[in-house]
Q: 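Structure incoming, see below.
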4 protein chains.
Amino acid sequence: MSESKPLFDEAIQNLLESLKDEKDMTEKQQRIIASAIEIIAEKGFNGSSTSEIAKNAGVAEGTIFRHFKTKKELLYALVGPMLIKFASPLIMKDVIRIIESEAPAEDVLQSLYENRLDLITENLPRVKILMQEALFHPEIMDSILNNLARQGRALGDNFVTERIESGEFRPLPTNGITRAIFSTLLGYFVFSQAFPEEKGEDDVEVIIDILLNGIKERHGD
Amino acid sequence: MSESKPLFDEAIQNLLESLKDEKDMTEKQQRIIASAIEIIAEKGFNGSSTSEIAKNAGVAEGTIFRHFKTKKELLYALVGPMLIKFASPLIMKDVIRIIESEAPAEDVLQSLYENRLDLITENLPRVKILMQEALFHPEIMDSILNNLARQGRALGDNFVTERIESGEFRPLPTNGITRAIFSTLLGYFVFSQAFPEEKGEDDVEVIIDILLNGIKERHGD
Amino acid sequence: MSESKPLFDEAIQNLLESLKDEKDMTEKQQRIIASAIEIIAEKGFNGSSTSEIAKNAGVAEGTIFRHFKTKKELLYALVGPMLIKFASPLIMKDVIRIIESEAPAEDVLQSLYENRLDLITENLPRVKILMQEALFHPEIMDSILNNLARQGRALGDNFVTERIESGEFRPLPTNGITRAIFSTLLGYFVFSQAFPEEKGEDDVEVIIDILLNGIKERHGD
Amino acid sequence: MSESKPLFDEAIQNLLESLKDEKDMTEKQQRIIASAIEIIAEKGFNGSSTSEIAKNAGVAEGTIFRHFKTKKELLYALVGPMLIKFASPLIMKDVIRIIESEAPAEDVLQSLYENRLDLITENLPRVKILMQEALFHPEIMDSILNNLARQGRALGDNFVTERIESGEFRPLPTNGITRAIFSTLLGYFVFSQAFPEEKGEDDVEVIIDILLNGIKERHGD
DNA sequence: CATGAATGAGACTTCATTCAT
DNA sequence: GATGAATGAAGTCTCATTCAT
């Protein structure tokens, strides 16, 4: 990892704190969070009113502001835990172990995809919100870039470099391959979200097949 | 094209009409459109106020509503022309010609990517708005699905089927390959938008290289 | 008539002038007036927009303001002629002749009712507007009071006094009888307007019959 | 009563509910209602702004919309209770008792007038609003027709028919007499409202005297 | 802690009126 | 004279936020 001292800005600090809270939350707070996730995922942050969120959560409107100073802080409390889950040392160690294993690339990627996709599909509405609102809230975008993206990029580059050196991958630009891996994943995810009815059962496997087949070197194949 | 009678719903009808208008628009209308594109692309539809759009366009707020009955109609006037440009018969013919040519897949995809990417990058803010707001406005999503997606899917499947039959592509599921092509494109695009600073010069080529290498059959390679 | 010098205030002056105009009006002006009558009678003055009136008249919105300085002046131009028709010396002479005739009260009232009801039913929408808007525009109410009401009251009192003196009417308070005559008329009119479906053929005659039967002295009946 | 199942339409249902509320209203709600009555009676519904009503009530404009979803609902909350008071079974029983008594018509009508006039003069501004706005809001007019008018008409016709049969009233058309009674009352009321300065002390009595004298049979008089 | 009435800034929209063409 | 685009004040209504209970 080239960036060993990620700049944890204030936003992330708050997010970290709210993560800690999420386990100690009262039942009302959890209902508010759940309600907000549901509604904001459907209508967007600016399209959702605190009154609707409160009603849907079965609490008084004022109760929201007892737990979250502002509406925006409620948003942070939704997306923060996602960022932290993705980037948490605990989970990151798993990722690092997978990536640094000597297993064939197929297995590594497959494990990686599964690992990430589980996280994503379990938290789909939150991820949707995270991706949507990152476009409008620079501080969220910065958190993603400073944490997920940077780490992911570093890990990916390491992985790709090693595999190229070992002769498993074709000697294309490292950057390009890393980007290809990530953007294929991202594209697959966005595509399935946008056009759910088009989705087939074994699409993931076909796409990984194609991706790896495209990346890997052919040894006397 | 399997879908020879695309369902042009009411929304699209309105959009078509507004496209025609775009060339006859007065200077004020164009200033309003330009201002709205700028602001909505940055803050989202719900995050942008008509008063800000008006101020930025240098017109009175009331003037917006002389030209666009509601704020939503202004949105349609922004995204409509994009849909129409993408789906217009004129341009579609180009696409069909490229796809149905006998050229090697590399050239076909390269032309296709360039053709589409030009359209996209020339209208980047509009495309951003289109993609973002489609998530919150079902009628926009429907227009995309009923027009772009359906056509694209049909064209792609034809192309892939032919290439598999001719032995150029590996005999993977047609659907999967088509989806891989589109989602790779989409992923590349979303990725470059989300993390512009990460973008390299020849990324497109690397990605196409990988994609095709992954898809194509290896003949005694 | 006790009040021989009616106070013609400024409002009435304007109304008089607009009456003169009504005959010299261009076709557009007449279309505007006709359109305004139609729409304001249905929706009230404040509920009608100049743009709707213009559209309905087939003229540009600006054209209204070329002919009527303000929207209110347009209202005056609608109701003014009514006031003047009701109070104009020409027509007043007719009324005076009817009232001062020696004919039996039945004939006098019948003539009077017919004379007034013709005027009213021929100009029903204007009369509706006049009555409605008088409640909200004191200057219109003043015009009515200073002209119609005062004259009508004076004429009525004279008529009633004479008939009481001649022994045809019962010696009730003059005021009361006059008011009874007018308010019966008014009630009949308002009632028929409010509940048109309840209206019978010969209602007027029954009501006059009752009214006069109630007022007249019984000579050896 | 011929119409034993009055059609209580949705509007009336809402009105009924709002009546129940009127007693449980908070002080602010009552101030809003009082302020709205005052201002709308003077300027009409369309001529009154919610901001003026709020200012006059000493509350924030938003407070109005916390208690009444729309401006129109505020109007309903003003006129509804009137309709209900007039038509409420409790009061209707009084009316029926009066009308079905065997007392001479003078006493019946006098009691009736007093009973109704009290109700009206106690709620004069509301009644004014009710009558004015019924002209522009068909749903209000319908409520009046379906409730007050229908009931009143049925009661009146019964009363008149009985009195004609008993020989107390002249054998004129029942309809006509009923209409005469109501429209005389209405005319008297409208007249006094329109020209308050003309009003004398004992006008009601004179008018009832004339009305009844006109309706009643003369027995060897 | 929780409530929900109250707030007032600000959102979208309408409208009477003006003015260059 | 007629037009209709442009205006900006004012209208109705929503909303995040506060605070007394």
Side-chain angles (χ1 to χ4, degrees), chain A residues 26-29 32 45-55 57-74, chain B residues 25-29 31-32 45-55 57-74, chain C residues 26-29 32 45-55 57-74, chain D residues 25-29 31-32 45-55 57-74:
Chain A
T26 69
E27 191 233 347
K28 294 223 163 169
Q29 293 180 61
I32 291 170
F45 179 70
N46 277 317
S48 311
S49 72
T50 50
S51 96
E52 190 183 359
I53 291 170
K55 199 173 299 167
V59 303
E61 202 170 354
T63 307
I64 290 182
F65 291 91
R66 178 155 301 282
H67 296 291
F68 309 94
K69 222 162 32 199
T70 64
K71 191 189 174 194
K72 206 163 201 178
E73 200 169 270
L74 173 59
Chain B
M25 275 184 180
T26 69
E27 190 234 344
K28 293 237 154 143
Q29 291 183 61
R31 285 222 307 274
I32 293 170
F45 180 69
N46 277 320
S48 310
S49 75
T50 51
S51 96
E52 190 184 358
I53 292 171
K55 204 171 297 169
V59 303
E61 197 170 359
T63 306
I64 290 181
F65 293 93
R66 168 159 294 276
H67 296 292
F68 309 95
K69 236 174 359 219
T70 62
K71 192 189 173 195
K72 207 165 199 177
E73 199 169 273
L74 173 59
Chain C
T26 68
E27 190 234 346
K28 294 222 162 168
Q29 294 182 61
I32 292 170
F45 179 69
N46 277 316
S48 310
S49 73
T50 51
S51 95
E52 190 184 359
I53 292 171
K55 200 174 298 168
V59 303
E61 202 169 355
T63 307
I64 290 181
F65 292 90
R66 180 153 299 282
H67 296 292
F68 309 95
K69 222 163 32 199
T70 65
K71 190 189 175 195
K72 208 164 200 177
E73 199 169 272
L74 172 59
Chain D
M25 274 184 181
T26 69
E27 190 234 345
K28 293 237 154 141
Q29 292 182 61
R31 284 223 308 273
I32 292 170
F45 179 70
N46 278 318
S48 311
S49 75
T50 51
S51 96
E52 190 183 0
I53 292 171
K55 203 170 296 168
V59 304
E61 196 169 1
T63 306
I64 290 181
F65 293 94
R66 168 159 294 276
H67 296 292
F68 307 95
K69 237 176 357 220
T70 63
K71 191 189 173 195
K72 206 164 197 176
E73 200 169 272
L74 173 59

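Chain letters run A, B, ... following the sequence lines, proteins first, then strands; residues in each count from 1. These numbers come from a predicted model, not from an experiment.
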Q: Would you call C/Glu52 and C/Lys55 a side-chain contact if the rule is heavy atoms closer than 4.5 Å?
A: no
Q: Assign D/Ser49 to base, sugar-phosphate, or nothing according to its heavy-atom contacts below 4.0 angstrom with the strands shown.
A: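 Result for D/Ser49 = sugar-phosphate.
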Q: Roughly, in whole Å, what's the span from NZ in B/Lys28 to P in E/dC19?
A: 14 Å
Q: Between C/Glu61 (CD) and F/dT7 (C1'), how many Å, whole number?
A: 12 Å
Q: Heavy-atom nearest nucleotide on DNA chain F for C/Thr26 versus D/Ser51: which residue maps closer to 5'?
A: C/Thr26
Q: Roughly how many Å is it from NZ in D/Lys55 to P in E/dT7, rounded to a whole number?
A: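 Going from NZ in D/Lys55 over to P in E/dT7 covers 14 Å.
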Q: Give the residues of residues 63-71 of chain A touching DNA chain E, defined as any heavy atom closer than 4.0 Å, sorted by residue number.
A: A/Thr63, A/Arg66, A/His67
Q: Is there a side-chain contact between A/Asn46 and B/Phe45 in this structure, where contact means two heavy atoms from C-beta onward sitting under 4.5 Å apart?
A: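 SC-SC contact between A/Asn46 and B/Phe45 ruled out.
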Q: What integer distance in Å separates A/Glu27:CD from E/dC1:P?
A: 14 Å
Q: More 5' along DNA chain E: C/Gly47 or D/Gly58, using each one's nearest nucleotide?
A: D/Gly58
Q: Please state how far atom NZ in B/Lys72 lies from atom C1' in E/dT13, giving the value in whole angstrom units.
A: 16 Å
Q: Looking at D/Thr50, I'd like to know whether one of its side-chain N or O atoms comes within less than 4.0 Å of OP1 or OP2 on F/dG11.
A: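 No, no such contact exists.
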Q: What dot-bracket string describes DNA chain F from 5' to 3', counting Watson-Crick and G-U wobble pairs whose defining distances are under 3.5 Å, with [ ] for crossing pairs and | for pairs to another strand?
A: .||||||||||||||||||||
Q: For A/Ile53 and F/dA16, give me the distance from atom CD1 to atom P, rounded to whole Å.
A: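 Atom-to-atom, A/Ile53 to F/dA16, this comes out as 8 Å.
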Q: Whole-Å distance between E/dA5 C1' and D/Gln29 CD?
A: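 From D/Gln29 CD to E/dA5 C1': 10 Å.
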Q: Tell me, with the steps shown, if C/Glu61 and C/Ser51 meet side chain to side chain donor-acceptor pair (under 3.5 Å).
A: CA-CA 6 Å; C/Glu61 202 169 355; C/Ser51 95; 4.7 Å; no
Q: What interatomic distance, in whole Å, is found between C1' of E/dC1 and the corresponding atom of F/dT21?
A: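 These two C1' atoms come out 13 Å apart once rounded.
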Q: So, taking the atom named CD1 in C/Ile53 and the one named CG in C/Leu74, what distance separates them when rounded to the nearest 0.5 Å?
A: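 C/Ile53 atom CD1 to C/Leu74 atom CG measures 5.5 Å (nearest 0.5 Å).
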Q: Measure CG/C/Leu74 against C1'/E/dC15 and give the value in whole Å, please.
A: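 Distance check: C/Leu74 CG to E/dC15 C1' gives 15 Å.
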Q: Which sits closer to the 5' end of DNA chain E, D/Val59 or C/Asn46, going by the nucleotide each is nearest to?
A: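 The residue whose closest nucleotide sits nearer the 5' end is D/Val59.
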Q: Nearest to the side chain of A/Ala60 - E/dG8, E/dT3, F/dA6?
A: E/dT3
